[in-house]
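Shown next, in structure tokens, is the structure this report addresses.
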Amino acid sequence: MNSNKKENYLDSINTISNLLKNDSVNRNFLFNLSAEYYYLKASKKSFEVCENILQLSNKATDTLDIAKSYNYMGDCYETTKRDSAYYYYQRAEKLYQLKGNYEKVAKMIFLKAFVLYFEGNYLESEILVSNALQLLKKSNDIELIYSCYNLLGTNFEKLEEYDAALKYYLLAKKALPDLLKNRTDETKINNYKITSAINIATIYDKKAQYDASINVLQSILTPELKKDWGNLYATVIGNLGYSKMKNGNLKGVEALFQEALKISLKDGNKSNIIYKYTNLGEYYAVVKDTTKSIDYLKKSLQLAEKQKSSDDIKNSLKLLSLIDNRNAPKYDKRYIILNDSLTKVQRNNRNKFARIEYETSVVEDENKILSTKNTYIIIAFVFFSFILIGIIIYRYLKNKKLEIAMLLKQQKAEEEIFELLKENQIKMNLAKVSEQNRISRDLHDGVLNKLYGTRLQLGILNASDTDEVKAKRLIYVDLLQEIEKEIRDISHDLHSDIFNGAFNFNSLLNNLINEQNELNVTHFSIKIDSTLAWENITGLVKITIYRIVQEAIQNVIKYANAKECRIEITNIDNKELHLTIEDNGVGFDSNKKENEGIGLKNMNDRAKTLNSKLNVTSDLGRGTKIEVAFKI
């Protein structure tokens, strides 16, 4: 039966559903009807059936069916109105808590975490999934546990915590034997196996362990996969081609990418098509076919924009800025604007879902079975008032705890980023010294030896010639000695036997300034107190300074229209470090609160994490001055 015929058949059943008796058997039948509409992607009809079940369940005072109705209603909005989905899952969670059904509570928390993940709130999603797993410690619901591990891995992957992501993907894989033990649904079994392998291989790629990724993907690449599950096969060969390309083995990579793209185009899966276009764009960049590379990346960008896929748009813009040198500033600017807007959207989403949590926590449970006797109304009112106050206090304390946890995670992430910056600069210095020493050895071992040999030969020949010839040859011998001395001096200057691989924070800041000056928008200068001993200052202070300078530079470029911007870092008695950033741009009225944009708020938040205060002084037409002091 095709989809249209099946939907018409369901419609005919739905028309007579009002004639059914309001009991648990018939309500269960209606749940199945709603599920069938859902599988046909007729979400509106599925939701309408759920509303009918909710009314019937309320009349029957069946709390579990009320909760199940909210669960199904949330599913209907899972991909369209995620805030509505979150709201219904929250309502269902409350009722399951009331009934003490903690497996169902865990499932609702997981579904809420799933919604947050797709909204880009990875930290909050991670916290919710962890809460769900706490409730599932003694559960036999292996499928839900498997799904929680997978979602945790995906959140950590998005947060670029790859070791943690790999840990949970491997835990998900470990759960597979128990999950598949009693299953007969071959398609679902295959999806679990292949998806688990793809997830693990992806993390190996992110960790640059390409051999491990290739081994995992080749282990699942079977003729049956290609024959029976084309979409999964396309994903596997696409990922395999990417791993091989990153590993430096380009043989057959283009064919893998083109085959994967062909399958994805035939299937019409836009997300897969975007990924394949991006892979081909990277491949042609590697083989120096810039024209083809840019063409595929532009296709990826256009399709990502149609799909409103923010991560794919950012990825395409980033690659185009690296490959399309002529238009790189344009792509960089778009990337910055998009990143800022996404940050704002994510902040609004966090507020929105926090509001839903609050509103649902303070709404008295509509479905609680209450005594009809008037003598109990006052008692119930007082009782629930105490509960309500307790919930509000609990929520407040819990939110403060989450806020502190998130702040600690952010600080940890900032420190890890700073360590990566340090490592990168040290590697660059080592490479520079290595090249310097190579030139030194070439001069010393090659050129000097040849010159020395020539001088000896001239000296020998000079001994058996006439006086006039001797005199001339002695001039050349002296000249060769001068050349020998000059090259030896160069060799000694170039050679460095001792290298201090310590991280140079001054160089990191200067590199940041030099990169911005290449844009020729505003001239940036930086002055750093020579008495500062950066090695005695914590990494958190340094990364905070770096981020504030970086944020301020972006604000100057985007809004200030300044010709010059001066940055100064001074050391006050080895007790305080003063950062000053001043431009001669258009300025703004700093007395008006609404003029504080995202950039200034981010800088202020970063200063607060170190118990410092950001002072901003600005007037229209007189530029802007930012000052902040850190205790050291």
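Numbering of residues begins at 1 and proceeds along the displayed sequence. Computed from a predicted model, the values in this text were never measured in an experiment.
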Problem set entry | Pairwise distance CG(Asn315) to CG(Leu301) - rounded to 0.5 angstrom | 10.5 Å

For this session: For Tyr169 and Thr154, indicate whether the former's side chain and the latter's backbone hold a donor-acceptor pair under 3.5 Å.
Result: yes

Exercise. Around Lys45, counting heavy atoms of other residues, nucleotides and ligands shown, do more than 12 lie under 6.0 Å from its NZ?
Worked result: yes

Problem set entry | Qualifying residues under ring-ring contact (aromatic ring centres under 6.0 Å, His included), relative to Phe31, sequence neighbours excluded | Tyr72

For this session: Please name all residues satisfying salt bridge (charged side-chain N to carboxylate O under 4.0 Å, His left out) with Asp75, sequence neighbours left out, ordered by chain then number.
Result: none

Exercise. Is it true that the side chains of Arg82 and Tyr86 contain a donor and an acceptor less than 3.5 Å apart?
Worked result: no

For this session: Please round to the nearest 0.5 Å and tell me the distance separating atom CG of Leu176 and atom CG of Leu171.
Result: 11.5 Å

Side chains of residues 225-235: which donor-acceptor partners sit under 3.5 Å, not counting sequence neighbours?
| from | atom 1 | to | atom 2 | distance (Å) |
| --- | --- | --- | --- | --- |
| Asn231 | ND2 | Asp267 | OD1 | 3.4 |
| Tyr233 | OH | Glu259 | OE2 | 3.1 |
| Thr235 | OG1 | Asn231 | O | 3.2 |

Problem set entry | Polar side-chain atom of Thr202 near backbone of Ile198 as donor-acceptor pair, under 3.5 Å | yes

Exercise. Looking only at atom types and distance, does a side-chain atom of Asp205 sit under 3.5 Å from a main-chain N or O of Ser243, one as donor and one as acceptor?
Worked result: no

Exercise. Have Asp605 and Asn602 got a donor and an acceptor in their side chains that come within less than 3.5 Å?
Worked result: no

Exercise. CG/Leu128 to SG/Cys148 distance, rounded to the nearest 0.5 angstrom?
Worked result: 10.5 Å

Problem set entry | Min side-chain heavy-atom separation Asn101-Glu103 under 4.5 Å | yes

For this session: Say whether, by atom type as modelled, one donor and one acceptor occur between the side chain of Ser46 and the main chain of Ser34 under 3.5 angstrom.
Result: yes

Seminar exercise, completed: For Lys158, the salt bridge (charged side-chain N to carboxylate O under 4.0 Å, His left out) test, sequence neighbours excluded, returns Asp311

For this session: Keeping the roles fixed (side chain from Asn155, backbone from Leu151), state whether a donor-acceptor pair exists under 3.5 Å.
Result: yes

Exercise. Between the side chains of Glu143 and Tyr192, is a donor N or O closer than 3.5 angstrom to an acceptor N or O?
Worked result: yes

Exercise. Under 3.5 Å, is there a donor-acceptor pair between the Asn150 and Tyr146 side chains?
Worked result: yes

Exercise. How about Lys107: does its NZ atom have over 12 heavy atoms from other parts shown lying under 6.0 Å from it?
Worked result: no

Exercise. For residues Asn239 and Tyr275, is any side-chain donor paired with an opposing acceptor at under 3.5 Å?
Worked result: yes

For this session: State whether the side chain of Ser300 and the backbone N or O of Ser316 hold a donor-acceptor pair below 3.5 Å, judged by distance alone.
Result: no

Exercise. Thinking salt bridges, do Glu160 and Lys206 make one under a 4.0 Å N-O criterion?
Worked result: no

Exercise. Angle class for the Tyr117/Phe114 ring planes (parallel below 30°, perpendicular above 60°, tilted otherwise)?
Worked result: tilted

Exercise. Do Asn215 side-chain atoms and Asp211 backbone N/O form a donor-acceptor pair below 3.5 Å?
Worked result: yes

Problem set entry | Lys174 atom NZ, neighbour heavy-atom count above 12 within 6.0 Å | no

Exercise. Under 3.5 Å, side chain of Asn121 to main-chain N/O of Glu124, donor-acceptor pair present?
Worked result: no

Seminar exercise, completed: Output for pair (Leu111 CG, Leu116 CG), nearest 0.5 Å, gives 11.0 Å

Exercise. Is Lys246 salt-bridged to Glu282, cutoff N-O under 4.0 Å?
Worked result: yes

Exercise. Short question: side chain of Ser264, backbone of Ile273 - any donor-acceptor pair under 3.5 Å?
Worked result: no

For this session: Look at the side chain of Thr609 and the backbone N and O of Arg606, then say whether any donor-acceptor pair between them is shorter than 3.5 Å.
Result: yes

Exercise. NZ of Lys81 to SG of Cys76: how many Å apart, nearest 0.5 Å?
Worked result: 12.0 Å

Problem set entry | Phe257: partners by ring-ring contact (aromatic ring centres under 6.0 Å, His included), with sequence neighbours left out | none

For this session: Write out all pairs satisfying ring pair (Phe, Tyr, Trp, His ring centres under 6.0 Å) with one or both partners inside residues 36-63, taking only residues at least two apart or from two chains.
Result: Phe47-Tyr77, Phe47-Tyr88

